[in-house]
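Reading through the structure tokens given below for one structure.
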Amino acid sequence: MNKRKICIVVGSRANYSSIKSVMQAVKDHPDLELQLVVGASAILDRYGNVADLIERDGFKAAARVFMLVEGETPTTMAKSTGLGLIELPMIFESLAPDVVLTVGDRFETMATTLAAAYMNIPLAHTMGGEVSGNIDENIRHAISKFANIHFPACEDARQRIIRMGENPDTVHNTGCPRIDLVAEYLKSDRCLDEALFGQGVGIKFTTDEDFILVSQHPVTGEYGCGETQIGTTLRAVRDTGLPAIVLWPNADAGSEDVARGIRKFRERDPDAPFYYVKNLPIEVYVLLMARTRCLVGNSSSAIREGAFIGTPSVNIGTRQTARQHGRNVINCDYNATAIADAIADRLALRGRLPSEPIYGDGKAGPRIAHLLATEPLTTAKMMTY
């Protein structure tokens, strides 16, 4: 029997952490062949060149695609999607996959989706059906209507996809592959200080003491506000008196605004006990989430990994609006007092909360690989309600 060829497109550091366990499970499955395509911000040094990390982890890219137009504006985001739609069909034609697997809701995910759909290649989609607000939600639901096999991460997402008219037989609640990595990495006794310090700039401290973790990204529907938003967050964190690790934003429209806000804060307040990092290996980030007193920002990791780990988290603004979350998360607006009060609330917990496996139990990768090997493959679509 010929192996099914599964083409997975990784376009960012978030993409990689969200699909790594599936990549490994596909690679290990006797009836599947992994075809890896790496592109967009995953191959750019300014975003940490995740492609190098992917190769160190033992995965060989079948192709690399440059599809990110510099600027991080709504216009360049749309252009990047178009460029991906130009480049990816040639790669798919060369690789001739049996299934294309796309991840989540980013602009490169939309380009991957459209290319596969027009080329009559069955499309599988992870992490569909969730609500969050902003352009990500629009993209996520649009991809669900193109996808032929669905791998939502939680039950309410599964039910939402079915209510969108998708065939229930094609919608499988597998859990989130990112949780697989969390479950694995939480067992590590790796020395975090050695792994962390040396990759960024700022004031070093030891992660054995109390610290705050900041991960804040631009909100595409609030383009132009990122600099002010991150400045408000960093001032609130500084006022706690605790040291903090501040991560660089992703490549969405408005990224440069957030990055500029971080740089300006660093220049204006060089004595703030902050350490600034462009990119972190996934396992280091997970261990930091397990040790931090509080995760602050608007990253989905607070919602997904944070629930499983029990990381006290402050979710700021609209980027994760209405997304299902655990008791670890408290929401607030972009207001200095509100952020400070929310951080104080989380710090008062004095440690991790009980685990809530809302987004999976750490076994999504093998489940998805099994389904990719056994599910009937078709590009036919029909509304079922």
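Note that the structure is predicted; figures quoted are calculated from it, not measured.
A donor and an acceptor atom, one from each side chain of Glu356 and His325, are nowhere located under 3.5 Å apart. Counted by atom type alone, Gln320 and Asn315 present zero donor-acceptor pairs between their side chains at under 3.5 Å. No hydrogens or angles considered: a donor-acceptor pair under 3.5 Å links the side chains of Asp57 and Tyr16. Between the side chains of Ser300 and Arg178, at least one donor-acceptor pair of N or O atoms lies under 3.5 Å. Side-chain contact, Thr318 with Glu222: a donor N or O sits under 3.5 Å from an acceptor N or O. The closest side-chain donor-acceptor pair between Asp193 and Thr207 falls under 3.5 angstrom. Side-chain contact of Asn167 with Thr384: a donor-acceptor pair under 3.5 Å is absent, judged by distance alone. Between the side chains of Thr73 and Tyr223, no donor-acceptor pair is found at a separation under 3.5 Å.
Residues His217 and Ser299 have side chains in contact (heavy-atom distance under 4.5 Å, counting atoms from C-beta outward). Contact of the Glu130 side chain with the Pro152 side chain is not registered, since no non-hydrogen atoms from C-beta on lie closer than 4.5 Å. By the 4.5 Å heavy-atom criterion applied to side chains, Glu209 and Arg293 are not counted as neighbours. By the 4.5 Å heavy-atom criterion applied to side chains, Ser301 and Leu295 are counted as neighbours. Using a 4.5 Å heavy-atom cutoff, the side chains of Glu305 and Met289 are in contact. Between Ile54 and Leu36 there is a side-chain heavy-atom pair separated by less than 4.5 Å. Contact of the Ser313 side chain with the Ile330 side chain is not registered, since no non-hydrogen atoms from C-beta on lie closer than 4.5 Å. Side-chain contact between Thr379 and Ile121: absent, with no pair of heavy atoms (C-beta onward) separated by less than 4.5 Å.
Although no hydrogens or angles enter the test, the distance criterion places a donor-acceptor pair under 3.5 Å between the side chain of Tyr359 and the main chain of Gln324. In terms of modelled atom types and a separation under 3.5 Å, the side chain of Arg106 and the main chain of Gly11 share no donor-acceptor contact. The main-chain N or O of Leu288 is never found under 3.5 Å from a side-chain atom of Thr292 such that the two would form a donor-acceptor pair.
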| task | Evaluate the criterion side-chain contact (heavy atoms from CB on, under 4.5 Å) for residue pair Val50 and Ile43; output intermediate values, then yes/no. | result | CA-CA 6 Å; Val50 182; Ile43 56 175; over 6 Å; no

| query | Going through the checks in order, is the side-chain contact (heavy atoms from CB on, under 4.5 Å) test met by Asn335 and Thr232? | reply | CA-CA 7 Å; Asn335 172 278; Thr232 301; over 6 Å; no

| Ile19 and Asn15: side-chain contact (heavy atoms from CB on, under 4.5 Å), yes or no, with the steps? | CA-CA 6 Å; Ile19 206 63; Asn15 264 180; 5.6 Å; no

| request: Apply the test salt bridge (Lys or Arg N to Asp or Glu O under 4.0 Å) to residues Arg64 and Glu55: give CA-CA distance (whole Å), side-chain angles for both, the deciding distance (0.1 Å), then the verdict. | output: CA-CA 12 Å; Arg64 294 191 177 205; Glu55 290 193 352; 3.1 Å; yes

| message | For a side-chain contact (heavy atoms from CB on, under 4.5 Å) check, start with the C-alpha distance between Arg238 and Asp269, then their side-chain angles and the critical distance, and finish with the verdict. | response | CA-CA 10 Å; Arg238 176 199 59 198; Asp269 197 346; 2.8 Å; yes

| Can you list the steps and then say if Asn298 with Gln216 is a side chain to side chain donor-acceptor pair (under 3.5 Å)? | CA-CA 5 Å; Asn298 59 14; Gln216 187 162 310; 5.4 Å; no

| Given Arg158 and Glu155, is the salt bridge (Lys or Arg N to Asp or Glu O under 4.0 Å) satisfied, shown in steps? | CA-CA 5 Å; Arg158 176 179 175 272; Glu155 185 57 28; 3.1 Å; yes

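Members clustered with Ile161: Ile162, Val171, by chain and number, using a 4.5 Å side-chain heavy-atom cutoff among hydrophobic residues.
Under the 30°/60° scheme for interplanar angles, the aromatic rings of Phe274 and Phe265 are found to lie parallel. Ring orientation note: the planes of Phe205 and Phe197 are nearly perpendicular, at an angle over 60° on the 30°/60° scale.
We find that Arg140 and Asp136 are not joined by a salt bridge, their nearest charged nitrogen and carboxylate oxygen being 4.0 Å or further apart. Between Glu33 and Lys5 there is no salt bridge, since no side-chain nitrogen of the basic residue lies less than 4.0 Å from a carboxylate oxygen of the acidic one. Between Asp31 and Lys3 no salt bridge is recorded (no basic side-chain N to carboxylate O distance below 4.0 Å).
Geometrically, Arg266 engages Tyr276 in a cation-pi contact defined by less than 6.0 Å to the ring centre and at most 45° from the axis. The cationic group of Lys381 does not satisfy the cation-pi geometry with Phe146, failing either the under 6.0 Å distance to the six-membered ring centre or the 45° limit from the ring axis.
Expressed to the nearest 0.5 Å, how far CZ of Phe107 lies from CE of Met77 amounts to 6.5 Å. Glu283 contributes atom CD, which lies 7.0 Å from atom CG of Leu53 (distance to the nearest 0.5 angstrom). For the atom pair CG (Leu83) and OG1 (Thr76), the distance works out to 11.5 Å, reported to the nearest 0.5 Å. Rounded to the nearest 0.5 Å, atoms OG1 (Thr102) and CD1 (Ile8) are 10.0 Å apart.
Residues Ile212 and Val201 are members of one and the same hydrophobic cluster, defined by side-chain heavy-atom contacts under 4.5 angstrom among Ile, Leu, Val, Met, Phe, Trp and Tyr. Leu196 and Leu242 are not part of a single hydrophobic cluster, where members link through side-chain heavy atoms under 4.5 Å apart.
Taking the side chain to side chain contact (heavy atoms under 4.5 Å, CB included) definition, one finds that Ser188 meets it with Arg190, Leu287, sequence neighbours left out. Taking the side chain to side chain contact (heavy atoms under 4.5 Å, CB included) definition, one finds that Ala259 meets it with Trp248, Pro249, Glu256, Arg263, sequence neighbours left out.
For Val103 against Val9, the heavy-atom pair with the smallest separation is CG2-O, 4.4 Å.
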